Amino acid sequence: MKQHIEQITQLLLGAAYADKRLAGAEITRIRSLLSTLLGGAEVPDSLLRLINTFSPAAFNVQQVATGLDGLSQEEKRKLLELIASVNDADEELDLAEDIYLRTVAAALGLPQEEFSDLTLELLGGDELHGLLV
C-alpha cells in the first residue's frame, strides 16, 4: 500500500471532511495511520503539505478510489478500516461519514458483505417502532 500513499492520504482526508467538520483528532489520527503505513517513519513533508492544502471541494473521491483498483481485496478492506478509524476519531459517527465509506467501498468494487461491519445499521420502520414503544 506504500506505493499508493498519496491516494490513501487523500481518501483519509476525504473521510475527515465527510461530515463538513474537521476535528483535530481526525488529523492526528491520519498522521498516525500514515506513519504506521510507512513502517513507523515520520510522515514526509510532501504528505504534510497535502494534509495542509487539501481542498475537499476539489476532491473527487470516485476518481481517487477507482485509481486503486490494483489493490488486493485484503488491502481494500484495510483501507476501509483506516477510513472507519478516521471516522471514529472525533467520537461522532454520522450518516455523511457512513455514506463516504460506502462510496469508497463501491468505487473499490467491494461487495457490501465485505465491509458491512464497518457501516451504520439502518433500522427499518418495524424495528424502529419496537424501540420507540
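For the numbers below, each heavy atom of this structure counts, side chains included, while hydrogens, waters and symmetry mates do not. What you see is a predicted model, and the numbers here were worked out from it, not measured in a lab.
Here the closest non-hydrogen pair linking Arg29 and Ser85 is NH1-O, 2.7 Å. Between Val61 and Tyr100, the closest heavy-atom pair is CG2-CE1, 3.6 Å. Residues Ala18 and Ala96 share a closest heavy-atom pair of O-CB, 3.4 Å. Contact between Ala15 and Val86 at its shortest, heavy atoms only, is CB-CG1, 3.9 Å.
The closest side-chain heavy-atom distance from Leu34 to Ile30 is below 4.5 Å. For the pair Arg21/Asp94, a side-chain contact is recorded, criterion being any heavy-atom separation below 4.5 Å from C-beta on. Residues Pro44 and Leu38 form a side-chain contact, since some pair of their non-hydrogen atoms from C-beta on lies under 4.5 Å apart. In this structure, Leu37 and Lys2 have side chains that are not in contact, with every pair of non-hydrogen atoms separated by 4.5 Å or more.
Ser35 places a side-chain N or O within donor-acceptor distance of the main-chain N or O of Ala41, the cut-off being under 3.5 Å. A side-chain donor-acceptor contact under 3.5 Å links Thr103 to the backbone of Ile99. Between the Glu75 side chain and the Ser72 main chain, a donor and an acceptor come within less than 3.5 Å of each other.
Partners of Glu81 by side-chain hydrogen bond (donor to acceptor under 3.5 Å, both in side chains), not counting sequence neighbours, listed by chain and number: Arg77.
At most 12 heavy atoms of other shown residues, nucleotides or ligands fall within 6.0 angstrom of atom CD in Gln63.
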**Request:** Just do the side-chain contact (heavy atoms from CB on, under 4.5 Å) check on Thr9 and Val43 with the steps written out, would you?
**Result:** CA-CA 11 Å; Thr9 302; Val43 177; over 6 Å; no
**Request:** List the steps and the verdict of side-chain contact (heavy atoms from CB on, under 4.5 Å) for Leu50 and Gln10.
**Result:** CA-CA 8 Å; Leu50 177 57; Gln10 291 176 33; 4.0 Å; yes
**Request:** Please report the C-alpha distance between Arg31 and Leu48 in whole Å, then the side-chain angles of each, then the deciding distance to 0.1 Å, and finally whether the side-chain contact (heavy atoms from CB on, under 4.5 Å) criterion is met.
**Result:** CA-CA 8 Å; Arg31 290 179 67 153; Leu48 294 176; 3.6 Å; yes
**Message:** Go through it in stages, so that I can follow the logic: the residues are Leu108 and Asp69, the test is side-chain contact (heavy atoms from CB on, under 4.5 Å), and I'd like the CA-CA distance, side-chain angles, deciding distance and then a yes or no.
**Reply:** CA-CA 6 Å; Leu108 292 172; Asp69 60 354; over 6 Å; no
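The CD1 atom of Ile8 lies 5.5 Å from the CG atom of Leu79; values are rounded to the nearest 0.5 Å. The CD atom of Gln7 sits 10.5 Å away from atom OG1 of Thr66, with the distance rounded to the nearest 0.5 Å. If you take CG on Leu47 and CG on Asn52, they are separated by 11.0 Å, rounding to the nearest 0.5 Å. Distance check, rounded to the nearest 0.5 Å: CG of Asp88 to CD of Glu97 gives 8.0 Å. Note that CG of Asn87 and CG of Leu80 are 10.5 Å apart. Values are rounded to the nearest 0.5 Å. Distance check, rounded to the nearest 0.5 Å: CD1 of Ile27 to CG of Leu22 gives 4.5 Å.
Under a 4.0 Å N-O distance rule, the pair Arg102/Asp98 qualifies as a salt bridge.
Ring pair Phe54/Tyr17: centre-to-centre distance below 6.0 Å.
The only option from Lys78, Glu74, Gln73 that meets the side chain to side chain contact (heavy atoms under 4.5 Å, CB included) definition with Lys76 turns out to be Gln73.
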